[in-house]
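Here the structure comes first, spelled out in structure tokens, and everything after it is commentary.
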Amino acid sequence: GNSVTQMEGPVTLSEEAFLTINCTYTATGYPSLFWYVQYPGEGLQLLLKATKADDKGSNKGFEATYRKETTSFHLEKGSVQVSDSAVYFCALSDQTGANNLFFGTGTRLTVIP
Amino acid sequence: NAGVTQTPKFQVLKTGQSMTLQCAQDMNHNSMYWYRQDPGMGLRLIYYSASEGTTDKGEVPNGYNVSRLNKREFSLRLESAAPSQTSVYFCASSLDKGGYNEQFFGPGTRLTVL
């Protein structure tokens with residue numbers, strides 16, 4: 001079956017610290033992988049995606065590389081800002097069957113000045 | 001463009017009451033989705049509509065019904081609400097079916113069933 005496992009939160013960092021949020025997956029077929037972000041009081045927004053092995057998705061200083069050998073898609077940012085405080089969701093779409101999204105449980109990030 | 005809009009934002013129901021959550025998108029998207037978000041569970045798909053006139057069950061459809069009223073609107077109905085349906089409900093849309101298509105989410109409806 002399809003599943004996504006994210007590191008447990010919450011994560012609290014000081015401004016300009018390095019961020020890593022771990023994500024591993026189990027999927028049938030060859031999934032596409034996504035990171036969505038949810039800011040307080042809002043719906044989810046796509047942050048970045050990768051559709052095949054070794055692809056790197058990037059946006060707003062965030063990066064994640066699709067690693068098929070370790071079934072991982074870890075989110076990284078070199079220097080976080082207070083405005084990055086949000087909940088981050090890793091997700092996959094397995095490209096077979098219904099082709100729907102499967103989400104991890106989310107990781108809450110708080111960045112303090 | 002308003003994107004994806006949902007009404008209401010908040011709702012409190014008593015067990016056994018019914019209600020309909022409304023969702024509309026103005027992006028001319030073909031596919032629409034209903035999710036629920038529970039603490040520690042991430043988002044789970046309730047129902048989806050790949051295109052106008054079609055609906056299919058997702059991961060957790062029990063206790064819900066949906067209607068794809070037209071291309072813009074996709075409603076979610078709880079016929080007899082139960083406390084287990086207390087959750088935050090998100091509607092989403094995408095240009096077409098397929099997870100590689102970006103999904104755009106509404107702001108959510110927070111539902112409490114007493």
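What you see is a predicted model, and the numbers here were worked out from it, not measured in a lab. Naming: A, B, ... by sequence-line order, numbering from 1 per chain.
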task = Output the distance between atom CD (B/Glu102) and atom NZ (A/Lys49), rounded to the nearest 0.5 Å.
result = 7.0 Å
message = Less than 4.5 Å to any heavy atom of chain B: does that hold for the side chain of A/Gln6, its backbone, both, or neither?
response = neither
task = Counting only heavy atoms closer than 4.5 Å, note whether B/Gln6 contacts chain A via side chain, backbone, both or neither.
result = neither
task = Might you work through the side-chain contact (heavy atoms from CB on, under 4.5 Å) test for B/Gln103 and A/Tyr36, ending with a clear yes or no?
result = CA-CA 10 Å; B/Gln103 291 190 17; A/Tyr36 277 81; 3.7 Å; yes
key: Contact class of B/Leu43 relative to chain A, heavy atoms under 4.5 angstrom   = both
key: Connected via hydrophobic side-chain network under 4.5 Å: B/Val4 and B/Leu95   = no
message = Applying side-chain contact (heavy atoms from CB on, under 4.5 Å) to A/Leu101 and B/Tyr35, what does each step give before you reach the verdict?
response = CA-CA 10 Å; A/Leu101 283 177; B/Tyr35 293 90; 3.8 Å; yes
key: Rounded distance (nearest 0.5 Å) linking atom CD of A/Glu42 with atom CZ of B/Phe105   = 13.5 Å
inquiry  = Would you say A/Leu33 ends up clustered with A/Val4 if hydrophobic residues are merged whenever their side chains have heavy atoms under 4.5 Å apart, either directly or through other cluster members?
reply    = yes
remark   = Rounded to the nearest 0.5 Å, the CG atom of B/Asp56 sits from the CG atom of A/Asn100 at a distance of 8.5 Å
key: In one Ile/Leu/Val/Met/Phe/Trp/Tyr side-chain cluster, 4.5 Å: A/Tyr39, A/Phe62   = yes
ask   = Does atom CZ of B/Arg77 have more than 12 heavy-atom neighbours from other groups under 6.0 Å away?
value = yes
query = Going only through I, L, V, M, F, W and Y residues with side-chain contacts under 4.5 Å, is there a path from B/Val88 to B/Tyr64?
reply = no
ask   = For A/Glu16, does the CD atom sit with more than 12 other heavy atoms under 6.0 Å from it, leaving out its own atoms?
value = no
